[in-house]
Amino acid sequence: MAKRRRAELLLALATGFWSISYYFSRVCFAELEVLCLNAFRFLSAFAVLSIVYFRHYRGMTRETVRWGALVGLVLVVTYVGATYGVKYTSLSNAGFISCLAVIITPLIELAVYRKKPEKKLAVSLLLCTLGLALLTLNETLRFAAGDALCFLCSVTYAADIVMTERAVANPRVDAVGMSVVEIGVTGAVFLLLSCLFEQPRLPRSPEVWGAALFLGVFCSGVAFVIQTTQQKHTAASRVALIFTLEPVFSAAVAYFLAGERLLARNYLGAVLVVASLLLAQIEWKGSKRDDHV
């Protein structure tokens with residue numbers, strides 16, 4: 001019980017890091033372009049993970065490298081959507097929409113593996129759709145460009161989750177080693193893209209240096225280490241429930257640090273989105289409990 005409680009507290013800490021990343025990303029946009037910021041973020045995370053998990057390089061299998069590279073490429077698309085999205089929408093919207101991978105994941109499993117989702121998913125999707133409409137649609141009933149990009153982020157992150165689950169089920173794949181490879185590949189691809197389409201540069205002011213390093217070391221490096229090492233100590237359903245705290249934390253950060261204020265219908269939409277995420281994790285009578293990770 002003590003080990004599970006410690007793991008869940010650490011996972012909540014990782015969720016907090018991811019939530020505040022939207023705010024720090026916006027701080028970095030004052031001096032760094034999107035691709036350059038992501039390159040800095042993931043390469044600094046890769047440096048941290050390489051030091052902490054250096055021993056995992058020994059005897060790394062081809063399967064570990066292959067799956068790490070594939071997931072890393074998907075992660076590139078995920079963070080293109082997330083980082084460009086937060087640039088063109090509110091911090092609150094970015095946090096709520098990007099968290100929808102919790103619901104999209106079982107839909108991908110249905111389409112790819114014919115894994116039938118539980119009946120409660122239909123109710124969750126209905127609530128989620130209504131909540132998204134209230135949260136993101138403007139007076140002309142259109143999504144903002146940033147909202148659409150954040151939704152792309154949630155879709156590709158759901159694909160990332162499904163791919164990772166299949167990869168770590170392979171006994172020849174080292175989960176920690178795969179995490180190091182995927183983050184390294186993601187950083188390398190972003191650096192290449194930044195060289196092709198931007199003018200890469202390092203931060204200039206202390207404020208942006210601090211924000212960029214926090215994104216790399218804590219929001220990517222430490223958070224991924226926590227997820228990789230602690231998720232095995234608690235049930236998958238409880239982990240997913242902890243991750244639904246991300247939009248709540250994001251909204252709080254947006255309110256207190258960025259001074260964002262939403263309309264009444266936006267707050268109602270946010271409540272419905274969170275309700276749909278929580279509903280997706282509640283065990284209904286007669287449903288099978290998912291306690292494996």
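A quick note: this is a predicted structure, and the numbers were derived from the prediction, not measured. No hydrogens, no waters, no symmetry mates; every other heavy atom, side chains included, goes into these values.
At a threshold of 4.5 Å between non-hydrogen side-chain atoms, the residues Leu152 and Thr156 count as touching. Contact check for Met60 versus Val181: side-chain heavy atoms found under the 4.5 Å cut-off. Phe29 is listed as a side-chain neighbour of Val86, based on a closest heavy-atom distance under 4.5 Å. By the 4.5 Å heavy-atom criterion applied to side chains, Val80 and Leu149 are not counted as neighbours.
Distance CZ/Phe190 to SG/Cys36: 11.5 Å, rounded to 0.5 Å. Annotation: the span from Arg26 atom CZ to Leu37 atom CG amounts to 13.0 Å, rounded to 0.5 Å. Leu32 CG to Glu198 CD: the interatomic distance, rounded to the nearest 0.5 Å, is 9.0 Å. Here the SG atom belonging to Cys150 is positioned 13.5 Å from the OH atom belonging to Tyr84, to the nearest 0.5 angstrom.
The nearest pair of heavy atoms linking Val27 to Ala211 is CG1-CB, 3.9 Å. Glu31 and Ser205 get closest at one heavy-atom pair: OE2-OG, 2.6 Å. Annotation for Leu215 and Cys28: closest pair CD1-SG, 4.0 Å, computed over non-hydrogen atoms. The two residues Tyr22 and Ser19 have their closest heavy-atom pair at CD1-O, 3.2 Å. Annotation for Val217 and Val48: closest pair CG2-CG2, 4.1 Å, computed over non-hydrogen atoms. Across all their heavy atoms, Val208 and Pro203 have their closest contact at CG1-CB, 3.7 Å.
Ile183 and Phe54 fall within the same hydrophobic cluster, where Ile, Leu, Val, Met, Phe, Trp and Tyr residues are linked whenever their side-chain heavy atoms come under 4.5 Å apart, directly or through other members. Tracing side-chain contacts under 4.5 Å through hydrophobic residues (I, L, V, M, F, W, Y), one never reaches Val71 starting from Leu49; they form parts of separate clusters. The cluster map of Ile, Leu, Val, Met, Phe, Trp and Tyr, joined by side-chain heavy atoms under 4.5 Å apart, puts Leu73 and Val173 in different clusters. Taking hydrophobic clusters as Ile, Leu, Val, Met, Phe, Trp and Tyr residues chained together by side-chain heavy-atom distances below 4.5 Å, Val176 does not share a cluster with Leu70. Leu43 and Val222 are not part of a single hydrophobic cluster, where members link through side-chain heavy atoms under 4.5 Å apart.
The ring pair (Phe, Tyr, Trp, His ring centres under 6.0 Å) search around Tyr23 returns none, not counting sequence neighbours.
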For this session: Report the C-alpha distance between Val74 and Tyr157 in whole Å, list the side-chain angles of each, state the deciding distance to 0.1 Å, and finish with yes or no for side-chain contact (heavy atoms from CB on, under 4.5 Å).
Result: CA-CA 8 Å; Val74 174; Tyr157 187 61; over 6 Å; no
Please step through side-chain contact (heavy atoms from CB on, under 4.5 Å) for the pair Leu196 and Leu192, ending with a clear verdict. CA-CA 6 Å; Leu196 290 174; Leu192 175 61; 4.2 Å; yes
**Request:** Take His56 and Val180, measure what side-chain contact (heavy atoms from CB on, under 4.5 Å) needs, and give me the verdict at the end.
**Result:** CA-CA 9 Å; His56 288 265; Val180 177; 5.9 Å; no
Check your understanding: Please walk me through it: do Ser21 and Arg41 pass side-chain contact (heavy atoms from CB on, under 4.5 Å)?
Key -> CA-CA 11 Å; Ser21 67; Arg41 172 176 180 171; 4.1 Å; yes
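Dense packing is recorded around OH of Tyr57, with more than 12 heavy atoms of other residues, nucleotides or ligands lying under 6.0 Å away. Within 6.0 Å of atom CZ in Phe24, more than 12 heavy atoms from other residues, nucleotides or ligands are found, so the atom counts as buried in its surroundings.
Counting only distance, with no hydrogens or angles, the side chain of Ser220 and the backbone of Ala45 share no donor-acceptor pair below 3.5 Å. Without hydrogens or angle criteria, Thr186 side chain to Glu182 main chain gives a donor-acceptor distance under 3.5 Å. Side-chain atoms of Trp67 never come within 3.5 Å of backbone atoms of Met178 as a donor-acceptor pair (strictly under, hydrogens ignored). A donor-acceptor distance shorter than 3.5 angstrom exists from the side chain of Thr61 to the backbone of Arg172, with no hydrogens or angles considered.
For Phe42 and Tyr79, the ring centers are positioned less than 6.0 Å apart.
Using a 3.5 Å distance cut-off with no hydrogens or angles, the side chains of Ser194 and Glu33 do not pair a donor with an acceptor. For the residue pair Asn38 and Thr83, a side-chain donor N or O sits within less than 3.5 Å of a side-chain acceptor on the partner.
Summarising the hydrophobic clusters (Ile, Leu, Val, Met, Phe, Trp, Tyr; side-chain heavy atoms under 4.5 Å, direct or chained), the residues clustered with Leu213 are Phe40, Leu202, Trp209.
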